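Written below as structure tokens is the structure these notes are about.
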Amino acid sequence: MSKVRTRIAPSPTGDPHVGTAYIALFNLCFARQHGGEFILRIEDTDQLRSTRESEQQIFDALRWLGIEWNEGPDVGGPHGPYRQSERGHIYKKYSDELVAKGHAFPCFCSAERLDEVRAAQMANKETPRYDGHCMHMDPAEAQRRVAAGESHVIRMKVPSEGVCVVPDLLRGDVEIPWDRMDMQVLMKADGLPTYFLANVVDDHLMEISHVLRGEEWLPSAPKLIKLYEYFGWEQPKLVYMPLLRNPDKSKLSKRKNPTSITFYERMGFLPQAMLNYLGRMGWSMPDEREKFSLDEMIEHFDITRVSLGGPIFDLEKLSWLNGQWMRELSVEQFAAAAQQWAFNSDYLMQIAPLVQGRVETFSQIAPLASFFFAGAVPLDAALFAHKKLAPDQVRQLLQLILWKLEALRQWEKERITECIQAVVEHLELKLRDAMPLMFAAITGQASSVSVLDAMQILGPDLTRFRLRQALELLGGVSKKENKEWEKLLAQIPA
């Protein structure tokens, strides 16, 4: 077998997700087990949502866990560039090749036309898909319109009958009917590729031998396989990993479980325990032991030991495992790890100026500032009783602020304030109407040090977590409210 090369290709569009770390860990272990290489590539073709801040958070979060890569945007390598946004000329070349060979075609359909087709298909109980309108256009006419600068996308042709056999190392051969496949857009109107084209071209050029990705991609596998066929390339071996699930078996989501890796770092989990826990997601050591290091996982790794039942991500189980790791540290290691976590001079120097003007003795520091060294804080529902707002309005205000803060990528006091300000102004309230609620949710107290400064210091993960906890305490948000309030959110200026 040629050299084993695996990769992880996250999108830098939000907080670094535990699902990304889970897939990265299994790719790393598989490559290392076979003496191969593990590559990190950034899929940043979504220009509106991709940010360099998010990309850096992915690097930092994976490194905190102990996951390192042989090639990537920050370490370089012979197959660069490793950001898709810097590879546009490469994708255009291969897209043009597919059009020239007759495997893809320019499509000039407007969004309105596509919506009408979709609506008609759904009304007829048909699978909504592209109807092939531009596929039969004379190629010379299509090229003339492209040359004239008319807005278009490039779509791939897919068979409309028969089945595609997807060879999966975990499931064996999976048969997927072609009539479920749409004529996938390969190049968007902005000249950037979609996931499908970029993925196949990059995996081929980067000599990826095995692709381990989440099973949510299995239904669309035929399109990737067909692209390899069109290009005449050998396809990598495919492994579709089971999805992480909440304890209620639903797909892991931040509504029910914190999903950001950085959250677990801020909560005071040990990276070794976190990595150990992710390694137990659907996989087990030959001797079934619960606690193992990354080196031990690599040594004993066997992809066929992955079980297909959706692994449950359970915070209680993770906490138990973290406790096992903590108790095995020497007292010196324990003290050093705690110091590094939150009792380091950088963190204390951020807190000291806020506390100094509010205490008369050092013994008053802990009661005043304890929330800086906590994960969850004890919440009192009485603190959320509002002179001006009904309980439903309090929940609405907190939810809208939470959503705004979830979208915030540059976590600075000024930006945090702008988010809160945008919500209160839209609801025709004042900042002072929202601040008592923020104090209650973030500090667990009626008043404390500047809550906006505190939110900046605590960081996005703990701030959002505490707001979610406050909402839970106040009865949560119903599906109906969620729908109505999301419409309201869309009206609030960015």
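Note that the coordinates shown come from a computational prediction; the quantities given were computed from them, not determined experimentally. In this chain, residues are counted from 1 in sequence order. Below, all heavy atoms of this structure are taken into account, side chains as well, without hydrogens, waters or symmetry copies.
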Min side-chain heavy-atom separation [X]-[Y] under 4.5 Å:
X	Y	result
Ser11	Tyr195	no
Asp202	Arg41	yes
Phe384	Leu398	yes
Met438	Leu467	yes
Gln84	Leu192	no
Ile401	Cys419	no
Pro12	Ile58	yes
Gln333	Met326	no

Applying side-chain contact (heavy atoms from CB on, under 4.5 Å) to Phe30 and Val239, what does each step give before you reach the verdict?
CA-CA 11 Å; Phe30 186 83; Val239 181; 5.9 Å; no
Return yes if some donor-acceptor pair links the side-chain N/O of [X] with the main-chain N/O of [Y] below 3.5 Å, else return no.
X	Y	result
Asn344	Gln340	yes
Asp433	Lys430	yes
His152	Glu150	yes
His386	Pro436	no
Arg129	Asp182	no
Asn124	Glu126	no
Ser54	Gly14	yes
Asp248	Ser250	yes

Residue pair [X] / [Y]: nearest heavy atoms and the distance that separates them:
X	Y	value
Met156	Met183	O-CB, 3.3 Å
Leu28	Thr6	N-OG1, 4.4 Å
Met122	Pro128	CG-CG, 4.0 Å
Leu458	Phe372	CD2-CA, 4.0 Å
Leu383	Ala440	CB-CB, 3.7 Å
Ala446	Phe439	O-CB, 3.8 Å

Is the closest basic N to carboxylate O distance between [X] and [Y] below 4.0 Å?
X	Y	answer
Arg32	Glu68	no
Asp15	Arg464	yes
Arg466	Asp461	no
Arg280	Asp314	no
Glu484	Lys487	no
Asp392	Arg395	yes

Mind checking the [atom1]-[atom2] spacing from [X] to [Y]? Nearest 0.5 Å is all I need.
X	Y	atom1	atom2	value
Gln393	Lys388	CD	NZ	10.0 Å
Leu252	Leu243	CG	CG	9.5 Å
Gln272	Asn322	CD	CG	8.5 Å
Thr194	Gln184	OG1	CD	5.0 Å
Leu318	Leu278	CG	CG	8.0 Å
Leu321	Glu290	CG	CD	7.0 Å

Flag for [Y]-[X]: side-chain donor and acceptor within less than 3.5 Å:
X	Y	value
Gln324	Lys291	no
Gln121	Asp131	no
Asp295	Ser293	no

With a 6.0 Å cut-off (strictly less than), is the heavy-atom count around [atom1] of [X], excluding the residue itself, greater than 12?
X	atom1	result
Glu414	CD	no
Lys92	NZ	no
Glu412	CD	yes

Could you label the plane-to-plane angle of the Phe292 and Trp283 rings as parallel, tilted or perpendicular, counting under 30° as parallel and over 60° as perpendicular?
perpendicular
Name the orientation class of the two ring planes belonging to Phe343 and Phe373 (parallel below 30°, tilted from 30 to 60°, perpendicular beyond 60°).
parallel
Do you know which of Thr45, Asp46, Asp44 makes side-chain hydrogen bond (donor to acceptor under 3.5 Å, both in side chains) with Ser85?
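Output: one option passes, namely Asp44.
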Mind checking whether [X] and [Y] have ring centres under 6.0 Å apart?
X	Y	result
Phe313	Tyr277	yes
Tyr22	Phe26	yes
Tyr82	Trp69	no

Candidate pair Leu197 and Ile154, rule side-chain contact (heavy atoms from CB on, under 4.5 Å), full reasoning
CA-CA 10 Å; Leu197 179 69; Ile154 301 294; over 6 Å; no
Going through the distances and angles, do Leu427 and Leu400 end up as a side-chain contact (heavy atoms from CB on, under 4.5 Å)?
CA-CA 10 Å; Leu427 297 177; Leu400 290 169; 4.0 Å; yes
Give the C-alpha distance, both sets of side-chain angles, the deciding distance and a yes or no for side-chain contact (heavy atoms from CB on, under 4.5 Å) between Glu71 and His79.
CA-CA 8 Å; Glu71 300 169 25; His79 300 84; 3.3 Å; yes
